[in-house]
Amino acid sequence: METKKIHVLDRDFELSIREEEIMEKIKKVAAQLNTDYAGRQPVMVCILNGAFMFAADLVRYLDFQPEIIFARFSSYDGMDTTGEVRELLGITADVVGRDIIIVEDIVDTGITMSNILPNFQQMGASSVKVACLLQKPDKLKVDIKIDYCALQIPNDFIVGYGLDYDGFGRNYRDIYKVV
Ligand code: 5GP
Ligand code: MG
């Protein structure tokens, strides 16, 4: 029997998006990237911690050869966005003149992404695109372009498939929403 409900710290979550659907949508994003980046070597920046699982699955469906790096930029505390964004750490690749693909777990208000994007432009990247697993379109507060998005979801707080509630719940294959 499949687990339909999980408990993470002090909250209950129910199944929202199954592994099969997540993988199907990720393959579609990979197909778009394969068309757009054929024969190129972009730098894919996996934004830790939440995007680790998405990035791991996404890159395995790519036909081109990206340089893959990991960076951290956190803005979330529990279930509420703090609105405050900290420094982007860990950009080890030379990004001057390179095509950048930012790989993010979820775009909520878009504030985090709107802070990440200018960093790459200032560092001299020739193009900067965003690939996210999930987006909550109704919560977008800033004017940013999401170039590739696997799934659009309502405003519920979700965990699983890399996404956490105070550090826990990342390990699940499916995505769960708070009850
Ligand atoms: P934004 O700056 O777009 O409001 O927030 C983006 C970040 O907030 C994401 O990278 C993610 O870490 C976190 N976040 C937003 N919504 C959720 C959610 O429903 N669940 C979890 N676990 N994290 C979220
Ligand atoms: Mg994140």
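This chain uses plain numbering: 1 for the first residue, then up along the sequence. Start at 1 and go down the list; that is how both ligands and their atoms are numbered. Remember, it's a predicted structure, so these values are computed and weren't measured experimentally.
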As a check for students: among Val178, Thr109, Asn155, Leu48, identify the option with a heavy atom nearest to atom 4 (O) of ligand 1. Thr109

With a cutoff of 4.0 Å, is Lys141 in contact with ligand 1, counting heavy atoms of the residue only? no

Which atoms of ligand 1 are found less than 4.0 Å from any heavy atom of Thr112? 1 (P), 2 (O), 5 (O), 6 (C)

Identify, by atom number and element, the atoms of ligand 1 in contact range of Glu104, meaning under 4.0 Å from any of its heavy atoms. 10 (O)

Under 3.5 Å, is there a donor-acceptor pair linking the side chains of Asp156 and Ser16? no

Answer yes when Arg18 and Asp174 have at least one side-chain N-carboxylate O distance shorter than 4.0 Å, and no when they do not. no

Atom of Asp57, atom of Tyr61 and distance for their closest heavy-atom approach: O-CD1, 3.2 Å

Identity of the nearest option to atom 18 (C) of ligand 1, non-hydrogen atoms only, from Tyr161, Tyr165, Phe157, Tyr176: Phe157

Say whether Asp156 and ligand 1 are in contact under the criterion: heavy-atom distance to a ligand atom below 4.0 Å. yes

Got a salt bridge between Arg40 and Asp99, using NZ or NE/NH1/NH2 to carboxylate O under 4.0 Å? yes

Test item: Arg11 side-chain N/O and His7 main-chain N/O as donor-acceptor pair under 3.5 Å: no

Are any of the N/O atoms on Val107, whether in the backbone or the side chain, positioned under 3.5 angstrom from an N/O atom of ligand 1? no

Between Asp63 and Tyr37, do the side chains contain a donor N or O and an acceptor N or O under 3.5 Å apart? no

Enumerate the atoms of ligand 1 whose separation from the nearest heavy atom of Ile111 is less than 4.0 angstrom. 2 (O), 3 (O)

Closest to atom 22 (N) of ligand 1 by heavy-atom distance, out of Asn49, Asp164, Leu133, is Asp164

We want to know whether Asp105 and Tyr161 form a side-chain donor-acceptor pair, criterion being a heavy-atom distance below 3.5 angstrom. no

So between Ile47, Ile144, Ile175, Ile106, whose heavy atom ends up nearest atom 11 (C) of ligand 1? Ile106

By side-chain hydrogen bond (donor to acceptor under 3.5 Å, both in side chains) - contacts of Asn119 (at least two apart): none

Any atom of ligand 1 sitting under 4.0 Å from a heavy atom of Gly50? no

Are Lys145 and Asp147 within salt-bridge range, i.e. N to O under 4.0 Å? yes

Backbone or side-chain N or O of Ile158 under 3.5 Å from ligand 1 N or O: yes

Near Lys136 (heavy-atom distance under 4.0 Å), the atoms of ligand 1 are 16 (N), 17 (C), 18 (C), 19 (O)

